[in-house]
Amino acid sequence: MENSGVLQNMGRQALVVTGRGGSSRRNGSLEDICTALDKCHIKWELFDKVEPNPSVTTVMEGAQQAQISKADFIVGVGGGSPLDAAKAIAILAKNEITVDQLFAGHFEKVLPVVAVPTTAGTGSEVTPYSILTYSKIQNKKSIRSPYIIPAVAFLDPEYTFNIPMDTTVDTAIDAFSHAYEGFLSVNSNPISDLMALEALRLIGPELLLMARQVQPDQGNRQVLLYASLLAGMVISHTGTSVPHAMGYSFTYFKDVPHGRANGLIIPAFSRFILDKCPNSKMNLAWQAAGFTSLKDMADLLWSLTGTPAELTPEDERVFVNIASQAKNLANSPAIPDKADLAQILAITMNRQI
Ligand code: NAP
Ligand code: ZN
């Protein structure tokens with residue numbers, strides 16, 4: 001609350017975007033941000049219809065409300081889903097564009113975004129991405145634009161203190177995958193590597209505790225929120241790669257939460273990189289996170305993710321096809337072709353690393 005003054009110059013009318021499940025009401029984040037807006041004499045309306053993995057339809061509805069209320073800025077409160085929805089609403093409120101133009105980044109003016117994360121995973125509060133579910137292509141698709149990097153982010157670990165264990169695991173694995181994929185990315189640089197190694201160093205021991213069923217305390221929650229912020233800064237430079245590209249199908253078709261989907265695939269992705277690029281920096285990533293080998297990391301991640309739902313041969317064909325079209329495959333130190341992706345999927349399902 002003592003930082004509410006930074007909202008002062010953002011405008012006179014805000015649209016507050018949050019999740020439909022009511023978690024931001026329960027964890028105090030919604031009340032805090034609304035009180036801060038009131039304190040600054042900023043009028044606001046609420047759009048509280050964002051579902052996990054938000055759809056294009058939902059953000060269009062939110063944009064319409066932003067236009068009608070003449071919002072000067074958008075405040076996203078919640079996990080990655082409401083934050084990503086807030087970013088897309090900020091674009092659509094200012095631009096009469098088609099969905100294809102939205103995903104192609106054909107816009108310049110957007111409303112400023114304020115981000116209040118309540119999960120410790122996506123790092124969306126610092127990234128230039130908004131990831132939406134687009135049923136027309138049966139997949140999730142990213143908007144990438146420097147204009148949607150939030151102008152202001154308020155990070156308060158208190159909002160994350162009561163996240164249920166399954167969401168804590170999902171989101172921690174997401175942050176881990178951002179640091180890991182970003183560290184290995186062909187776009188990594190010495191600064192992104194520093195942040196990635198620090199995030200891995202912080203998240204590795206937290207994952208180990210979760211695997212031992214230890215409930216994170218407030219100190220652990222603070223570490224996770226900070227590490228997810230660092231990992232978000234990493235992917236802002238590097239992008240994600242194969243685990244995200246393939247994970248989206250597990251989410252779209254099998255309802256596997258985003259971070260958990262990445263965790264399923266990271267071991268097989270790592271085996272692929274190890275075979276194709278023996279000189280990759282992978283050992284450094286394992287060392288930083290506290291793992292001794294690929295098997296060590298795979299055992300931990302797979303114990304946290306649980307077993308994935310069965311895939312039919314048709315599912316496998318679709319998953320491979322969709323992943324093979326993902327732009328972020330190009331960020332990987334070795335680019336998998338369809339046969340490689342099929343092999344990565346087979347290892348993921350058989351767990352034979
Ligand atoms: P989420 O989809 O935002 O939320 C998952 C669930 O957790 C929802 O039911 C939500 O409830 C609940 N929740 C949120 N905060 C909570 C809290 N403090 N206490 C209790 N429950 C809470 O999950 P997420 O993993 O943070 O975000 C995933 C999305 O972000 C995916 O769409 C993914 O693709 C995207 N993503 C974006 C980026 C980026 O850079 N933009 C990076 C990675 C991932 P409510 O219904 O109340 O909200
Ligand atoms: Zn992610």
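Counting convention: from 1, in listed order, for ligands and their atoms alike.
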Taking N or O atoms only and a 3.5 Å limit, does [X] qualify as a polar contact for ligand 1?
| X | result |
| --- | --- |
| Asp84 | yes |
| Arg26 | no |
| Ser124 | yes |
| Gly21 | yes |

Is there a path of hydrophobic side-chain contacts, each under 4.5 Å between heavy atoms of I/L/V/M/F/W/Y residues, joining Ile97 to Leu111? yes

Do the side chains of Val169 and Phe291 join up, straight or via other hydrophobic residues, at under 4.5 Å, putting them in one cluster?
->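 Yes, it is one cluster - the side chains of Val169 and Phe291 are joined through contacts under 4.5 Å.
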
Mind checking what makes side chain to side chain contact (heavy atoms under 4.5 Å, CB included) contact with Pro216, not counting sequence neighbours?
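With neighbours one apart ignored, the set is Met165, Thr168, Asn220, Arg221.
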
Residues at least two apart in sequence or cross-chain that pass side chain to side chain contact (heavy atoms under 4.5 Å, CB included) with Pro308, listed by chain then number, are Phe250, Leu264, Met349, Arg351

For [X], is the nearest heavy atom under 4.0 Å from an atom of ligand 1?
| X | result |
| --- | --- |
| Asp174 | yes |
| Glu51 | no |
| Pro82 | yes |
| Gly121 | no |
| Pro257 | no |

Worksheet item: Which class fits the ring pair Tyr180 and Phe269: parallel under 30°, tilted 30 to 60°, perpendicular over 60°?
Response: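 Tyr180 vs Phe269 ring planes: perpendicular.
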
Decide, yes or no, whether a salt bridge links Asp170 with Arg260 under the criterion of side-chain N to carboxylate O below 4.0 Å.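 Looking at Asp170 and Arg260, the cut-off is met.
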
Taking [atom] as the reference point, the nearest protein heavy atom with its distance:
| atom | value |
| --- | --- |
| atom 42 (C) of ligand 1 | Thr122 O, 3.4 Å |
| atom 39 (C) of ligand 1 | Thr127 OG1, 3.4 Å |
| atom 6 (C) of ligand 1 | Thr167 CG2, 4.4 Å |

In short, side chain to side chain donor-acceptor pair (under 3.5 Å) pairs touching residues 326-348 with sequence neighbours left out are Asn187-Asn331, Thr240-Asn328, Asn321-Lys338

Quiz prompt | For ligand 1, the portion of Thr118 having any non-hydrogen atom under 4.0 Å away | solution =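 Both backbone and side chain of Thr118 come within 4.0 Å of ligand 1.
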
Excluding waters, which are neither shown nor counted, protein N/O/S atoms under 2.8 Å from the Zn ion (ligand 2) come to 4

* Options Ala172, Ser142, Pro117, Ser23, ranked by nearest heavy atom to atom 45 (P) of ligand 1, top entry ->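 The option holding the nearest heavy atom is Ser23.
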
